[in-house]
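So that the names make sense, note that chain A is the first sequence line, chain B the second, and so on, each numbered from 1.
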Amino acid sequence: MMPRSIPILTGCLIGAGALAMLWHTLTPKRPVRAQREQPVAVNETAPSAQPLWHIVSETPREAEVVPPQPAPSTAARTEQTEEPPKLSDNLDDYRDYLGTVFDRDSRDRTWEQAAEVKLRGGLAKVESPELSVRAVECRASMCKVLFAASDDTALRKAKSELPRRAFFWEGPGIITDETPSGTDQHRIVAYFGREGRELPDG
Amino acid sequence: MTTRQIISRISVLGLFCAALLPASVGHTANTSAIIGHQWPTATSPSNYQTCFLGSGNFMENFCTTNRLLVVPVTIPSFKTFALKTRFQGNGTATATTCRPIRWTDGGGSVLSNALSTTSSTPLTFTHTSLSIPSGNLSFECDVAPVSGANRGAVLWVDWN
């Protein structure tokens with residue numbers, strides 16, 4: 001004979017599952033970046049944003065004291081679901097920003113020397129008559145490499161090939177062109193971050 | 001015990017149950033590496049060689065030197081992605097190395113960190129995240145060659 005507690009437990013589990021799904025649906029979704037950066041300006045006490053457990057645990061008296069709050073505006077909702085822009089979103093701006101960071105970076109001679117040797121050794125394999133390495137310089141947190149391409153075709157080819165042949169470098173990086181406007185020079189700049197760290201990105 | 005207390009306790013149990021349901025509710029973006037293709041490194045198209053063969057969920061390098069496997073992926077929305085790869089070496093000192101790359105429309109690139117293994121059994125790696133406001137994302141792997149019964153291989157890539 002079936003014990004009397006089994007249907008009760010089953011009912012509780014079904015009810016708990018339904019409440020869990022309802023709670024998950026009502027809880028506002030937060031983007032990953034919003035959790036680790038500045039909080040967005042959203043009214044957290046808006047009734048529509050409250051999870052079910054919060055409503056249940058409130059006493060009636062507390063619920064009466066809290067004045068009704070307007071629902072978040074459309075703009076606030078948009079802000080809640082979208083990530084704030086990052087410096088790396090615009091690669092030209094990010095290249096200029098990293099250039100400033102590099103110029104102000106501190107020194108770590110031991111790491112710099114080892115990193116420059118590693119970069120020169122790895123980049124020697126990508127040099128060709130159409131692409132030359134003009135400069136390699138490292139600071140405490142990143143290295144800057146300047147390339148010169150022979151023409152526009154070589155520039156485009158190098159931008160495609162360099163990231164795919166930079167497996168010798170474990171850290172992050174960016175590779176983009178830095179051709180001065182109004183000139184026929186074809187230059188590429190690369191910033192390689194120190195392994196185990198991320199490049200600064202606002 | 002009042003009805004309110006019962007509802008409150010069931011809610012707590014519901015929270016516990018909700019923690020057990022992420023796979024069924026959450027969205028994941030993951031694909032097998034067998035959608036990838038070799039990146040040509042020869043100077044002439046006639047010299048391109050097909051080194052990668054799909055074997056189950058493995059994309060294995062059957063050539064005798066390292067080869068580049070490119071796995072381009074579809075981005076569901078533009079945001080910052082957490083990036084993972086699962087791959088293996090061939091058991092010798094020649095490693096398999098993978099790196100996610102963001103490609104901009106202008107041809108520039110943002111590189112995540114490169115991670116390597118020489119292990120002949122698959123391992124899962126977590127790369128540094130990449131913000132992708134436009135353009136494309138690809139996972140690029142320098143795959144170790146065949147060595148005896150072992151081959152370098154990539155199993156899957158994951159972006160969420």
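With respect to chain B, the highest number of heavy-atom pairs below 4.5 Å among A:Thr176, A:Leu91, A:Leu162 belongs to A:Leu91. Residue with the most contacts toward chain B among A:Tyr94, A:Trp169, A:Phe168: A:Trp169 (heavy-atom pairs, distance under 4.5 Å). Across B:Ala114, B:Gly108, B:Ala95, B:Ser109, the residue that shares the most heavy-atom pairs under 4.5 angstrom with chain A is B:Ser109. Most heavy-atom pairs under 4.5 Å with chain A: of the set B:Ser138, B:Pro133, B:Gly135, this distinction falls to B:Pro133. Most heavy-atom pairs under 4.5 Å with chain B: of the set A:Ile188, A:Ile174, A:Ile175, this distinction falls to A:Ile175.
Heavy atoms of other residues, nucleotides or ligands lying less than 6.0 angstrom from NZ of A:Lys144 number more than 12. Enclosure of atom NZ in A:Lys118 by more than 12 non-hydrogen atoms of other residues, nucleotides or ligands within 6.0 angstrom is indicated. Within a 6.0 Å radius of CZ in A:Arg107, other residues, nucleotides and ligands contribute more than 12 heavy atoms.
For A:Lys86 (side chain) and B:Thr80 (main-chain N/O), no donor-acceptor pair under 3.5 Å exists by modelled atom type.
Two residues are said to be in side-chain contact when any heavy atoms from C-beta on lie closer than 4.5 Å; B:Leu111 and A:Pro163 meet this criterion.
Residue A:Ala166 touches chain B through both its backbone and its side chain, counting heavy-atom pairs closer than 4.5 Å. Heavy atoms of A:Glu170 lying under 4.5 Å from chain B belong to its backbone as well as its side chain. Residue A:Arg164 touches chain B through both its backbone and its side chain, counting heavy-atom pairs closer than 4.5 Å. The contact between B:Thr97 and chain A is made by backbone and side chain atoms together, counting heavy-atom distances below 4.5 Å.
Note that the CZ atom of A:Phe167 and the SG atom of B:Cys98 stand 7.0 Å from one another [nearest 0.5 Å]. Atom CD of A:Glu195 sits about 12.5 Å away from atom OG1 of B:Thr128, to the nearest 0.5 Å.
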task: May I have the step-by-step check of side chain to side chain contact (heavy atoms under 4.5 Å, CB included) for A:Glu161 and B:Trp39, ending in yes or no?
output: CA-CA 10 Å; A:Glu161 292 289 334; B:Trp39 182 260; 3.4 Å; yes
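Between A:Asp89 and B:Ser131, the side chains place a donor N or O and an acceptor N or O closer than 3.5 Å (distance only, hydrogens not considered).
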